[in-house]
Amino acid sequence: MTETKTRNYWLMKSEPKAFSIEDLKNSENSTACWDGVRNYQARNFLRDEIKAGDGVLFYHSNIAKPAIVGLAEVVREGYPDHTALDPDSDHYDPKATKDNPRWYMVDIRFLARLPEPIDRKAMAADPVLSGMEVMKKGSRLSVQPVTPQQWQAVLKYAGMADPLR
DNA sequence: GCCAACGTTGGC
DNA sequence: GCCAACGTTGGC
């Protein structure tokens with residue numbers, strides 16, 4: 001029997017100064033929790049939508065050449081972001097409590113770096129990638145949905161086989 | 001460094 | 001509930 005796989009795809013933004021694809025790769029088991037998201041729309045994705053096995057495009061923001069730089073896989077679904085409860089954390093939120101955590105995170109695991117980053121110029125020139133949410137002017141959402149077509153277009157552009165297949 | 005776009009806050 | 005002010009994001 002073949003069950004219909006409903007794998008979803010996401011793009012996650014990070015400033016490489018704060019946390020880069022190399023940092024993810026070098027984490028224990030190449031796995032890290034995606035903490036510190038403090039936006040409700042992104043929180044809802046993390047808490048409700050993102051499932052283990054989903055694919056992640058890792059995007060470096062706020063640099064000279066922002067770009068998709070690698071691929072990751074969700075390995076743990078939404079659970080409370082403990083950094084919100086930690087007064088010493090940069091991401092501390094006094095309104096978060098153990099009973100009402102307010103903020104959530106997932107764990108992702110490094111899959112691959114792209115041979116070459118796909119920068120915004122390249123994305124804009126691609127008929128599929130130009131439609132990505134991240135390409136919209138003023139798009140600030142740090143966790144955003146990606147269509148299967150967009151995921152495939154990234155692989156095609158990079159000349160890679162789908163690591164989640 | 002600039003600045004447009006966005007989300008949040010808080011006075012009313 | 002409105003909306004101006006503010007702080008932040010992030011491409012350029």
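Naming convention: chains lettered A, B, ... in sequence-line order (proteins, then strands); numbering from 1 in each chain.
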Atom-to-atom span, OH of A:Y40 to C1' of B:dT9 - whole angstrom: 11 Å
Out of C:dC12, C:dG10, B:dT8, whichever nucleotide has its closest atom nearest the side chain of A:R120: C:dC12
Check: A:W34 ring centre within less than 6.0 Å of A:Y104 ring centre: no
Distance, rounded to the nearest Å, where A:M135 contributes CE and C:dG10 contributes P: 15 Å
Nearest-angstrom distance from the residue atom CE of A:M132 to P of C:dG11: 13 Å
Whole angstrom value for the distance that separates P of C:dG7 from CG of A:N39: 19 Å
Between A:T83 and A:D81, a side-chain donor and acceptor under 3.5 Å: yes
OP1 or OP2 of C:dG11 under 4.0 Å from side-chain N/O of A:Y59: yes
Gap between atoms CZ and P, on A:R140 and B:dT8 respectively (whole Å): 9 Å
Whole-Å distance separating the NZ atom of A:K17 from the C1' atom of C:dT9: 12 Å
Polar contact flag, side-chain donor to acceptor under 3.5 angstrom, A:R120-A:S130: no
Ring centroid separation A:W103 to A:Y79 under 6.0 Å: no
A:K137 side chain near B:dA4 phosphate (N/O to OP1/OP2, under 4.0 Å): no
Interatomic distance, A:N62 CG vs B:dA5 P [rounded to whole Å]: 17 Å
A:R38 side chain near C:dT8 phosphate (N/O to OP1/OP2, under 4.0 Å): no
A:Q41 CD - B:dG7 P separation (whole Å): 7 Å
